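Nothing here was measured: the structure is a model prediction, and the numbers come from that model. Below, chain A is the first sequence line, B the second, and so on; all start at residue 1.
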Number of protein chains: 2
Amino acid sequence: MKTTAIDPKIDLKSIKDCPNSFVMAVNDTMNVLTGKWKLPIMATLIFGKKRFKEIEREIPRITPRMLSKELRELELNGIVKRTVHDTIPVTIEYEFTPSGRSIKNVLDAMVEWGQEHRNTVMNRLSKVNL
Amino acid sequence: MKTTAIDPKIDLKSIKDCPNSFVMAVNDTMNVLTGKWKLPIMATLIFGKKRFKEIEREIPRITPRMLSKELRELELNGIVKRTVHDTIPVTIEYEFTPSGRSIKNVLDAMVEWGQEHRNTVMNRLSKVNL
DNA sequence: CTGTATCCTCCGAGATACTG
DNA sequence: CAGTATCTCGGAGGATACAG
């Protein structure tokens, strides 16, 4: 089998080229997940809707600038939904979209592998240090 | 239920604190996956051992500096194994460790979500543009 | 062939102050 | 409350040349 060149920024025409389209799909997922605060933010939303200030309070050391920026990205990516309630003053709620909620499957796989891999590394280290 | 504060750089003592230990495990996995070239490199290794130059040829625009750097990180993380053959000149082969190969489960989940999510976004866009 | 060594650029993210 | 506006800095990654 002739292996195909793999390009991190591949163009759309080659979407039917198998290994590359996989890399593309993984890249899409990565883009949603990368950034220092995306994961913590998503973790706060797992148990339901939250307001800006609530999220800020639950994530130590995040600045409003970063929270705002990351929430906007997540919204643009169709991961979270932003709802404005015209109370006085206005309150804003953030929550997962269905698509956002379904990313939990990915996170589950990552948790499982992360824990297994940590054990593997620990075992290797403890054997080395006997 | 009292929600716990989520910290991206949590210390090890709180490993038993459930939501945080999940975030930690996900972070471990992310650390292995982040970097512009890790995924393309891993993609080249899916079908078996490869030499430095072979990998370099299959990944357009990667520089030896970056390939070297990323391979070293992958090796340190226990994802790939580096084997030196004392031919003349020496040839070096890179391949997955079992732990590295098992990350495929994560990638599969990412491929599936990435493709679903792309469809979701496409549908939304095409409805907007009717 | 399998990498290192330098130098350089750009962007993610922190600090801090301010706004409607 | 829910953000925005500036300023700054470190580190990821590129270009290019060189080494064993």
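Checked against side-chain hydrogen bond (donor to acceptor under 3.5 Å, both in side chains), A:Asn77 has no partners two or more places apart in sequence or in another chain. For B:Glu70, the side-chain hydrogen bond (donor to acceptor under 3.5 Å, both in side chains) criterion is met by no residue, not counting sequence neighbours. Among residues two or more places apart in sequence or in another chain, the side-chain hydrogen bond (donor to acceptor under 3.5 Å, both in side chains) test is passed with A:Thr87 by A:Thr91. Among residues two or more places apart in sequence or in another chain, the side-chain contact (heavy atoms from CB on, under 4.5 Å) test is passed with A:Glu112 by A:Glu116. Remark: A:Ser68 pairs with A:Phe52, A:Arg72 by the side-chain contact (heavy atoms from CB on, under 4.5 Å) rule, at least two apart or across chains.
Scanning residues 76-89 of chain A for heavy-atom distances under 4.0 Å to DNA chain D yields A:Arg82.
Between B:Lys53 and B:Glu56 a salt bridge is recorded (basic side-chain N to carboxylate O distance below 4.0 Å).
Remark: C1' of D:dT4 and CZ of A:Phe52 are 10 Å apart, rounded to the nearest angstrom.
In terms of modelled atom types and a separation under 3.5 Å, the side chain of A:Lys50 and the main chain of A:Thr44 share a donor-acceptor contact. Remark: side-chain polar atoms of A:Lys38 are paired, donor with acceptor, to backbone N or O of A:Thr34 under 3.5 angstrom.
The salt bridge (charged side-chain N to carboxylate O under 4.0 Å, His left out) contacts involving residues 80-91 of chain A comprise A:Lys81-A:Glu95, where partners must be two or more places apart or lie in separate chains. For residues 96-105 of chain A, the pairs satisfying salt bridge (charged side-chain N to carboxylate O under 4.0 Å, His left out) are A:Lys104-A:Asp108, with sequence neighbours left out.
Place A:Ile62 and B:Glu54 on DNA chain C by their nearest nucleotides, and B:Glu54 ends up nearer the 5' end.
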Protein within reach of the bases, or only the backbone? For nucleotides 12-20 of chain D, mark each nucleotide 5' to 3' as B, S or -, using heavy atoms under 4.0 Å. -BBB-----
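B:Leu125 forms part of a hydrophobic cluster together with B:Val121, judged by ILVMFWY side-chain heavy-atom separations under 4.5 Å.
By the 4.5 Å heavy-atom criterion applied to side chains, A:Ile92 and A:Thr83 are not counted as neighbours.
Direction of the helix axis in the helix from C:dC1-D:dG20 to C:dG20-D:dC1 shifts by 50° between the two five-pair termini, rounded to 10°.
For the atom pair B:Met42 CE and B:Trp37 CH2, the distance stands at 16.0 Å (nearest 0.5 Å).
The span of DNA chain C lying next to chain A, judged by atoms under 4.0 Å from heavy atoms, is bounded 5' to 3' by C:dA13 to C:dA15.
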